[in-house]
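Below is one structure, written out as structure tokens, with a few remarks after it.
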Amino acid sequence: MIQLSLIGIGTGNPEHVTLAAVRALNDAELILLPRKGDGKSDLVDLRRLLCRDLLEASSRTRVVEFDLPQRDGRADYLGAVDDWHEAIAGVWAALMATHLPEGGRVGMLIWGDPSLYDSSLRIAGRLRDAGQALEIRVEPGITSLQVLTAEHRIPLNALAEPVQITTGRRLRERGWPDDAASVAVMLDSGGAFASLPPEGLYIWWGAYLGMDKQRLIDGWLEDVAASIIEQRAALRERHGWIMDVYLLRRM
Ligand SMILES: C[S@@+](CC[C@H](N)C(=O)[O-])C[C@H]1O[C@@H](n2cnc3c(N)ncnc32)[C@H](O)[C@@H]1O
């Protein structure tokens, strides 16, 4: 039996790692650490740093790095993601069989929290469906949305109103969702908000949240949209990668 702990580690600030996450890391016999090969080496380094700093000298945890399979960029997005998840599940299974042939405790460091736009729970589910004896545990982590609202000192929702969490791709394709007073946007390849009529929309934007290079901008969309797009491009150029998230609200 493999006990797999998906351990939320927050989004870049080591002080956001919970005590429960530290305990789960130290309890694991094996930590699997993906190398993403997408220019975001800072993020792999951060995971390595967390392992180095948080694993106690007495812990018997082994850290094994592996190359994450790449998703192919074909037009059938959901089909490509499905194949990609299958490939990742295969790599996880092979690593577990090699390093823990008798079973044991495996930990994986999950960016933010495993519940939010992260597929590790779905991939673990595939392994179980394929017959792997697997007990799945989750240690919750602080999400990028929580850091965004904390840094801007705002509530996520307007009083008694709903919030929709969506992706940049979906916002571009479908526009403002019916009945949403606020929309949180993740995984935007850049400036999906510019596809909306800006009147009456306020935006709170954040990049590299929780990290030393964190950037924040807020204002009426019509006033700040161009400067967010400009800053985003410049930051991406400077650091080689960017992750940003934003909240839009009708006011
Ligand atoms: C694959 S999702 C993972 C989300 C993560 N599970 C969480 O709890 O926040 C990646 C997206 O989360 C957002 N994100 C994650 N970390 C971030 C950070 N440090 N700063 C800004 N946005 C971040 C970005 O929208 C990015 O495209």
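Ligands are counted one by one from 1 in listed order, and the atoms in each one are counted from 1 as well. Values in this document were obtained by computation on a predicted structure and should not be read as measured data.
- Here OG of Ser227 is found 4.5 Å from CD1 of Ile217. Values are rounded to the nearest 0.5 Å.
- On a distance-only criterion, Asp118 and ligand 1 share no N/O pair closer than 3.5 Å.
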Compile the donor-acceptor pairs under 3.5 Å between side chains in residues 184-203 and protein atoms, sequence neighbours left out, one pair per line.
from	atom 1	to	atom 2	distance (Å)
Asp188	OD1	Gly190	N	2.8
Asp188	OD2	Gly191	N	3.4
Asp188	OD2	Ala192	N	2.8
Asp188	OD2	Tyr246	OH	2.6
Ser195	OG	Ala192	O	2.6
Tyr202	OH	Asp218	OD2	2.5

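- Under the side chain to side chain contact (heavy atoms under 4.5 Å, CB included) rule, Leu209 has a single partner from Leu216, Thr143, Leu145, which is Leu216.
- By the 3.5 Å distance cut-off applied to N or O atoms, Leu145 is not counted among the residues near ligand 1.
- Rounded to the nearest 0.5 angstrom, Leu55 CG and Asn26 CG are separated by 5.0 Å.
- Between Glu139 and Arg137 there is no salt bridge, since no side-chain nitrogen of the basic residue lies less than 4.0 Å from a carboxylate oxygen of the acidic one.
- Here the shortest heavy-atom distance to atom 17 (C) of ligand 1, taken over Pro140, Ser115, Ser144, Pro114, belongs to Ser144.
- Under a 4.0 Å criterion applied to the non-hydrogen atoms of Val245, ligand 1 contributes the atoms 21 (C), 22 (N), 25 (O).
- Ligand 1 places these atoms under 4.0 Å from at least one heavy atom of Thr11: 16 (N), 19 (N).
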Counting only pairs under 3.5 Å, give me each side-chain donor-acceptor contact of residues 75-88, with atom names and distances, residues two or more places apart or in other chains.
from	atom 1	to	atom 2	distance (Å)
Asp76	OD1	Gly79	N	3.0
Asp82	OD1	Arg126	NH2	2.4
Asp83	OD2	Arg74	NH1	3.1
Asp83	OD2	Arg74	NH2	3.1
Trp84	NE1	Pro69	O	2.7
His85	NE2	Ser119	OG	3.3
Glu86	OE1	Arg126	NH1	2.4

Test Leu25 against Leu50 for side chain to side chain contact (heavy atoms under 4.5 Å, CB included), laying out the working first. CA-CA 10 Å; Leu25 285 173; Leu50 286 180; 5.5 Å; no
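- An N or O contact shorter than 3.5 Å links Trp111 to ligand 1 by distance.
- Ranked by closest heavy atom to atom 21 (C) of ligand 1, the top entry among Lys213, Gln146, Met243 is Met243.
- An N or O contact shorter than 3.5 Å is missing between Gly206 and ligand 1 by distance.
- Short contacts between ligand 1 and Tyr208, defined as distances under 4.0 Å to a heavy atom of the residue, involve ligand atoms 19 (N), 20 (N), 21 (C).
- The option from Ile142, Asp113, Leu46 that lies nearest to atom 8 (O) of ligand 1, judged by heavy atoms, is Asp113.
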Applying side chain to side chain contact (heavy atoms under 4.5 Å, CB included), run through Leu33 and Leu109 and close with a yes or a no. CA-CA 7 Å; Leu33 216 156; Leu109 282 67; 5.6 Å; no
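- For the pair Leu209 and ligand 1, the shortest N or O to N or O distance falls below 3.5 Å.
- Between Asp244 and ligand 1, a contact under 3.5 Å exists for at least one N or O pair.
- Partner of Ser144 under the side chain to side chain contact (heavy atoms under 4.5 Å, CB included) criterion, chosen from Asp113, Val245, Asp244, Thr149: Val245.
- Listed by number with element, the atoms of ligand 1 under 4.0 angstrom from any heavy atom of Gly112 are 7 (C), 8 (O).
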